[in-house]
> 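This is the structure I want to talk about, given as C-alpha cells.
Values below: all heavy atoms of this structure, side chains included; hydrogens, waters and symmetry mates excluded.
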Amino acid sequence: MKKVALCLGAFLLVACANIPNLEKNEKISNISNISIKNSSQDFDLTFHSEKWWLVLNDSSLNHLIELVLKNNKSLQIAKLNIKKSEEAINLSKSSKNLDISFRSGLTRVETRENPLKNLTGKDNYSLYNIGLQTSYEFDLFDKFDNSIKEKEYQKIAVDASSKLAELTLEYQTFKLYAYYLYLNEERSNLEDRKALLEKLYSMEKIGVEIGKSLEDNVLVIKEMLVGVNILLNKNEENINLVKNNLYLLVGTTSSIEVDNILNNTKNKDFKKLSSKIIIPSSVQSDIIINRPNVQYYLALIEAQDSKIKSLKANFYPSFRITGLLSYKSLKLSDLISPKNLVGIISPSIHLPILDSGRIKSTYKIAGIDYNIFVEEYNNEILNSYKDINEKLIQYNSAKNINIESEKLLKIRDEQLTRSKKRFEIGLGTEKAYITEKYNYLATKLEDSQNNLMLFNTKIDFLNSIGGAYSPKN
C-alpha cells in the first residue's frame with residue numbers, strides 16, 4: 001500500500017506543470033510631502049474629501065452640486081457598474097458551491113446482430129432515464145478563493161472610478177457656478193459703464209449744438225457705446241452657455257431648479273467665496289495616495305495579484321468528485337421505481353501537464369498585465385505630483401497678478417475720489433468726473449477678471465488633491 005501511495009505521489013508530482021518565474025515591477029513607495037511657498041496659511045487644517053464643498057458654506061453651491069450628483073447620467077452609469085461588480089463577486093463565490101444539475105433522456109439502441117438481441121428479442125429498444133448529477137472540485141490551492149478576491153478588488157477599482165467621476169462633476173459644477181457669479185458682476189459693471197457713456201453722449205451732443213464740442217468726440221463715445229453693447233451681448237451668451245452646461249450636468253435640456261438656484265445668486269460676491277478656499281502650506285503624501293485615480297490603479301494591482309495566485313493553482317492537479325443518482329428503465333411507465341434507481345460516484349484528476357502550454361501562456365500574460373498596472377500606478381503618482389505642482393505654480397502666479405491688480409485698482413479709486421472732490425468744489429467738470437468714473441469701472445472689471453483667474457486656479461488645486469481644507473475647530 002505504501003508503494004502504491006508513493007508511486008501515486010510521484011506520478012502527481014511529475015504531472016504538475018513547471019511554473020515560470022514572473023518578474024514583478026516595483027511600485028513607487030517613497031512618496032514625500034509637497035511643500036508650498038504659502039506661509040500665510042500655516043495654521044492647523046482639516047482635509048475633507050467627502051462633501052468637501054460644505055466647508056465653503058454656500059447654500060446655492062450646495063444645492064447645485066447635490067442636484068448634479070442626484071441626476072447626472074454618467075453617475076447613473078457608474079452606479080450600475082458598481083451593481084455589476086457586486087454581482088460578479090456573487091458569481092465568483094458560486095464557483096465554490098456544489099454543482100447540481102437535472103438530467104433526463106431517451107436512448108435508442110439498435111440490437112440487430114448484437115448479443116443484446118438475445119436478451120430483448122427485438123431489433124431495438126428504448127432506455128429512459130431521469131436523475132440528478134452533482135460535482136464538486138476541491139479548492140486545494142485557493143484557486144476559487146483568490147478568484148473571489150480578484151472580483152472584490154475589481155469592485156474597489158470600480159468604486160474608485162465612480163468616486164473620480166463624482167469629483168470631476170463636483171469641480172465642473174463649482175467652476176461653472178464661480179463663472180456665473182463673475183458674469184453677474186461683469187453685467188452690472190457693463191451696464192454702469194453704458195449708463196455713463198450715454199450720459200457723456202448726451203453732454204457731447206449738447207456741446208456740439210452750442211459750439212463747445214466737436215462731432216469727433218461724439219463719434220468716439222458712440223464707438224465706445226457699441227463696444228460695451230457687444231460685451232453685454234457676449235455676457236448674455238456666456239450666461240446662457242453656463243446654464244446650458246449645468247442643464248447637461250443634471251441630465252436635462254432645461255431645469256427650473258437650476259434657474260431658481262442661479263436667480264438667487266445675483267447679489268453674491270464671487271471674491272468672498274474665493275477667499276474661503278484655503279491653500280495649505282504643504283500637501284501630505286497620504287492625500288496623494290488616497291486620490292481616487294491612484295486608488296483605482298492600486299485596486300487593479302491587488303486584483304491582478306489575486307488573479308495570478310488563482311492561475312498558479314492551474315499548475316497543480318485538480319481533484320473533482322462527481323455523483324449521479326438516476327432512474328433507468330426500458331419502460332417509461334416503470335421508470336420511477338426503487339428497483340431502477342442507479343447511483344454512481346466517480347472521482348477524477350485533471351493533470352495540468354497535458355495542457356501546460358496554454359496554462360503557462362495565460363499565467364505569463366497575467367504577469368505582464370500586473371506590471372502594466374504597476375507602471376500605470378507609478379505614472380499616475382508622478383502625474384499627480386506634476387498636476388498638484390502645476391496648479392500651485394498657476395495659483396502663485398495668479399495670486400501675484402491679483403496683488404498688482406488690486407494696487408492698480410486702489411490707484412484708480414484714489415484718482416476717482418480726487419476727481420469727485422474737484423467736481424464738488426467747482427475745480428473740475430462733470431465730464432472729467434464721469435470719464436474718471438468710467439476708467440475706474442474698466443479697471444475694476446479687469447481686477448474682477450484677475451480675481452476670477454485666481455479663483456479658477458484655486459478650484460483647479462482642489463480638484464488636483466480631491467478635496468478641500470478647513471481650519472480645525
> Apply side-chain hydrogen bond (donor to acceptor under 3.5 Å, both in side chains) to Lys70 and list each qualifying residue two or more places apart in sequence or on a separate chain.
none
> If only atom types and distance count, is the side chain of Ser274 paired as donor or acceptor with the main-chain N or O of Phe270 below 3.5 Å?
no
> Could you work out, with side chain to side chain contact (heavy atoms under 4.5 Å, CB included) as the rule, every residue matching Ser49, not counting sequence neighbours?
Phe47
> Can you tell me if Ser310 uses its side chain to pair, donor with acceptor, with the backbone of Ser306 under 3.5 Å?
no
> For Trp53, check side-chain hydrogen bond (donor to acceptor under 3.5 Å, both in side chains) against everything at least two apart and list the hits.
none
> Are Arg187 and Glu191 ion-paired here, with the side-chain N under 4.0 Å from a carboxylate O?
yes
> Would you please say whether a donor-acceptor pair under 3.5 Å links the side chains of Gln394 and Glu390?
no
> Do the charged groups of Asp159 and Lys155 touch, with an N to O distance under 4.0 Å?
yes
> With distance as the sole test, does Asn260 use its side chain to make a donor-acceptor pair with the main-chain N or O of Ile256 at under 3.5 Å?
yes
> Could you pull out all residues at least two apart from Lys234 that satisfy side-chain hydrogen bond (donor to acceptor under 3.5 Å, both in side chains)?
Glu237
> Report the relative orientation of the aromatic rings in Phe315 and Tyr363; use parallel for angles under 30°, tilted for 30 to 60°, perpendicular for over 60°.
perpendicular
> Could you list the residues that satisfy salt bridge (Lys or Arg N to Asp or Glu O under 4.0 Å) with Lys163, not counting sequence neighbours?
Glu50
> Is there a donor-acceptor pair closer than 3.5 Å between any side-chain N or O of Thr252 and the backbone N or O of Ser255?
no
> Does a sphere of radius 6.0 Å around NZ in Lys276 hold more than 12 heavy atoms from other residues, nucleotides or ligands, not counting ones at 6.0 Å or beyond?
yes
> Any pair with a residue in residues 245-262 that passes salt bridge (charged side-chain N to carboxylate O under 4.0 Å, His left out), sequence neighbours left out, goes on the list, sorted by first then second residue, please.
none
> Report yes or no: does Ser384 contribute a side-chain atom to a donor-acceptor pair with the main-chain N or O of Glu380 at less than 3.5 Å?
yes
> Restricting to side chain to side chain contact (heavy atoms under 4.5 Å, CB included), what partner residues turn up for Asp305, sequence neighbours left out?
Lys24, Lys309, Tyr370
> Please report whether the ring centroid of Tyr182 lies less than 6.0 Å from that of Phe455.
no
> Considering residues at least two apart in sequence or located in another chain, which fulfil the side chain to side chain contact (heavy atoms under 4.5 Å, CB included) criterion with Ala78?
Ser162
> For Glu404, enumerate each residue passing the side-chain hydrogen bond (donor to acceptor under 3.5 Å, both in side chains) test, keeping only those at least two apart in sequence or located in another chain.
Lys407
> Taking only residues two or more places apart in sequence or in another chain, which ones pass side chain to side chain contact (heavy atoms under 4.5 Å, CB included) with Thr362?
Leu311, Arg358
> Under the rule for salt bridge (Lys or Arg N to Asp or Glu O under 4.0 Å), what residues qualify as partners of Arg418, not counting sequence neighbours?
none
> Would the distance check show the side chain of Gln304 and the main-chain N or O of Ala366 forming a donor-acceptor pair, the cut-off being under 3.5 Å?
yes
> Got a donor-acceptor contact below 3.5 angstrom from the Ser464 side chain to the Phe461 backbone?
yes
> Can you name the salt bridge (Lys or Arg N to Asp or Glu O under 4.0 Å) partners of Lys175, sequence neighbours left out?
Asp460
